There are 2 protein chains.
Amino acid sequence: MKFESVTIKDIAKVLHLSTSTVSRALRDSYEISEETKKLVVDYAKSVNYRPNPSALNLKKRRSRTLGITISEIANSFFSQIIAGVESVAKEKGYNVIISQTFENFEREQEAVRNLSQSVDGMLISLSSETKSLEHIEELQQRGMPIVFFDRIAKNLEGHKVRSNNHKGAFDATEHLIHNGYKRIAFIGNPDNLAIIKERKRGYDEALEFHQIPHREDYVKYCQHGGLSYEEVEMVMQDLLSLDEPPQAILSCADKITTNCYRYLYKHHIKIPDQMALIGFSNLDLTEFLNPSLSIIQQKAVTMGTQATELLIQQIESKRPVVDYSEIVLEPDFFARDSSKGH
Amino acid sequence: MKFESVTIKDIAKVLHLSTSTVSRALRDSYEISEETKKLVVDYAKSVNYRPNPSALNLKKRRSRTLGITISEIANSFFSQIIAGVESVAKEKGYNVIISQTFENFEREQEAVRNLSQSVDGMLISLSSETKSLEHIEELQQRGMPIVFFDRIAKNLEGHKVRSNNHKGAFDATEHLIHNGYKRIAFIGNPDNLAIIKERKRGYDEALEFHQIPHREDYVKYCQHGGLSYEEVEMVMQDLLSLDEPPQAILSCADKITTNCYRYLYKHHIKIPDQMALIGFSNLDLTEFLNPSLSIIQQKAVTMGTQATELLIQQIESKRPVVDYSEIVLEPDFFARDSSKGH
DNA sequence: AATAAACTTGCAATCGATAGCGCATTAGTT
DNA sequence: AACTAATGCGCTATCGATTGCAAGTTTATT
């Protein structure tokens, strides 16, 4: 069963004109008489003519499609970003194709390579397991506009939109310290991600600033970004079986935060009395949780819109872009009960 | 700045072959000698050749792209559906383009018409404000495969995947009744949506079954699907200003449920003592809310995968499909504190 | 009236890939 | 040796739309 649609040829035949005349009439060329234009335009409207995008793409050598690579859609942070991306894209006449990496490097390579032929530009947030950037560099060298967001590539050129991760983590850690916590654990995605390095640095510096000794066994990385509950469960067990377990946790990813909360809840570990928790999260209902969850919230929608605007700007720029911007968005901090002092 | 990619022509030139030979070699045609094939395939791999999708689409008259129309991505129910859709689509070699309607009829018409030229088939969940189905019927008549999910179109043909909405609402209402509530309000999207009609029927029949008088002023519809807090706020104020306000609420959409919860929380109305709440929701953390939220949860990911499988099946079917399936998924019910007896 | 200028419109090539058909060249048959 | 069959490859039209150029028609100019 195939979808039959009206082509310029059909219109030409009916109106006894050539396809070139029809084409020119539809794009309101000065070469065509008003009379003919009206005839063509009216008829085209009556049969609901829409140009075939593939033919157009082929001819114009562009697809008016954007590719976005993220770890997972079913994650409030990323779905908010997508909402932002979609809104700007639609407004400027672009479609969006989403690729999920599920934090896997091979999937990311595949996604990027696949997308490369179908899109005019890409929005990329690296996966947790990404070790090499060759697949991205290669495309860039061939002229593919790429904007990095959230999990940016430090060593590659290109527009970048990210949060102030250092500040987010520093403030959260300091907040815990102010509330009397000294034994503070850090759980994040792997630190080959620049954002995690940044957050770790914020955490480290806050400890240092308040002269709290740094303990290596309080620092944990989830290789798969905490996508599965089990991964976080193992980390938590590690932490809790220490001689001197931490009293508070700083979690550095939406999924990890959620799964930490879930773990503590499941094991009847009182938050914050037995374990305080504060985490990066863009979930909607954190304030209504029991106890309410302290979070560092990123400006996800804004990140999506800004990145998309930069990307489209780069795609449509006549001359190669050499001057790249790096937009830094300030995260919002919400201190709530899960990190209350004791 | 445009992206330059290798074409079959480039390969042909380098290897001193014709484009047709290259093409045939790449698709492993019997007409080409093993020797030549190897030459071509190896070279193609070395330059990272990928066929131009637009050219392929044009030639094959298909795009290997699916369109999906939903109200909003940043909604856990729909983002879970998308996750399901994407997984099946990727596996079968299809891309997915998402269109958001934000519950608006005009946007839906636009989305459907726009998509019509770029996709091989569509997955549609109607918007709350959809009154007419002409835009969809028109496409169907021209042969566009369309699968309806969640908010299906009762009067149109096509594969359908939905939840057992009647049962979900009936069980939830009955649960409230068993817990001693008699004055139960119903809040839903507009009832031009079949799923809302069904849920309303479940609600009605549960009341009837337990011989509880039905009150028209306890039934409220949010025209915009509760997308904005203000919309739900107004409904809540209406309900609470009644002489005899309800003691419990059955909410029929993710967003409405969340916003009801938010309203009650904000106005310090104790759940469930002053107002019980139970709602359709696919949020992740409802069990950890304070109080934990009773929900009717839909099998969102499954809905996405099943709908996509049906769609691809229909797209790839040689003969026109005449026998349409309607898959009904049973919702899961979680009784928690927000609907506890009093 | 003759020629130039201004309008309109059509022809044909093009974008990248595919496939029907035909043409060599080589192998096989009698 | 002569003819058929098989193999390997190239030419060309095609998908739908665009666009440079040519050509035809009408109107304006002298």
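Since we're looking at a predicted model, the values are computed, not measured. Chain naming here is simple, since letters A, B, ... match the order of the sequence lines and numbering starts at 1 in each.
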| request: May I ask you to check whether over 12 heavy atoms, not counting those of A:E157, lie within 6.0 Å of atom CD? | output: no

Check the distance between [N]'s [atom2] and [X]'s [atom1] and give it to me in whole angstrom.
X     : N      : atom1 : atom2 : answer
A:R62 : D:dT18 : CZ    : P     : 11 Å
A:R61 : C:dT14 : CZ    : P     : 13 Å
A:K9  : C:dG10 : NZ    : C1'   : 15 Å
B:K13 : D:dG10 : NZ    : C1'   : 17 Å
A:L15 : C:dT8  : CG    : P     : 17 Å
A:N57 : D:dA17 : CG    : P     : 12 Å
A:I32 : D:dG24 : CD1   : C1'   : 14 Å
A:I11 : D:dT18 : CD1   : P     : 11 Å

| Are OP1 or OP2 of D:dC9 and a side-chain N or O of B:T21 less than 4.0 angstrom apart? | no

| query | Taking only N and O in the side chain of B:S18, is any of them less than 4.0 Å away from OP1 or OP2 of D:dG10? | reply | yes

| request: Run the salt-bridge test on A:R151 and A:E103 with the 4.0 Å N-O cut-off and return the result as yes or no. | output: yes

| request: Using a strict 4.0 Å threshold on nitrogen-to-oxygen distance, state whether B:E34 and B:K37 make a salt bridge. | output: yes

Just how far is it from atom [atom1] of [X] to atom [atom2] of [Y], taken to the nearest 0.5 Å?
X      : Y      : atom1 : atom2 : result
B:Q306 : B:R162 : CD    : CZ    : 13.5 Å
A:T130 : A:I124 : OG1   : CD1   : 9.0 Å
B:I315 : B:R62  : CD1   : CZ    : 10.0 Å
B:I312 : B:K92  : CD1   : NZ    : 5.5 Å

| Check: B:N192 side chain, B:S128 main-chain N or O, donor-acceptor pair, under 3.5 Å | yes

| task | Give a yes or no on whether the backbone of A:G304 and the side-chain of A:T308 come within a donor-acceptor separation of less than 3.5 Å. | result | yes

| query | For DNA chain D, whose closest nucleotide is more 5', that of B:L58 or that of B:H16? | reply | B:H16

| Stretch residues 33-44 of chain B: residues that reach within less than 4.0 Å of DNA chain C through a heavy atom | none

| said: At under 4.0 Å between heavy atoms, how does the protein contact nucleotides 18-27 of chain C? Give one character per nucleotide, 5' to 3', with B, S or -. | reply: BBBB------

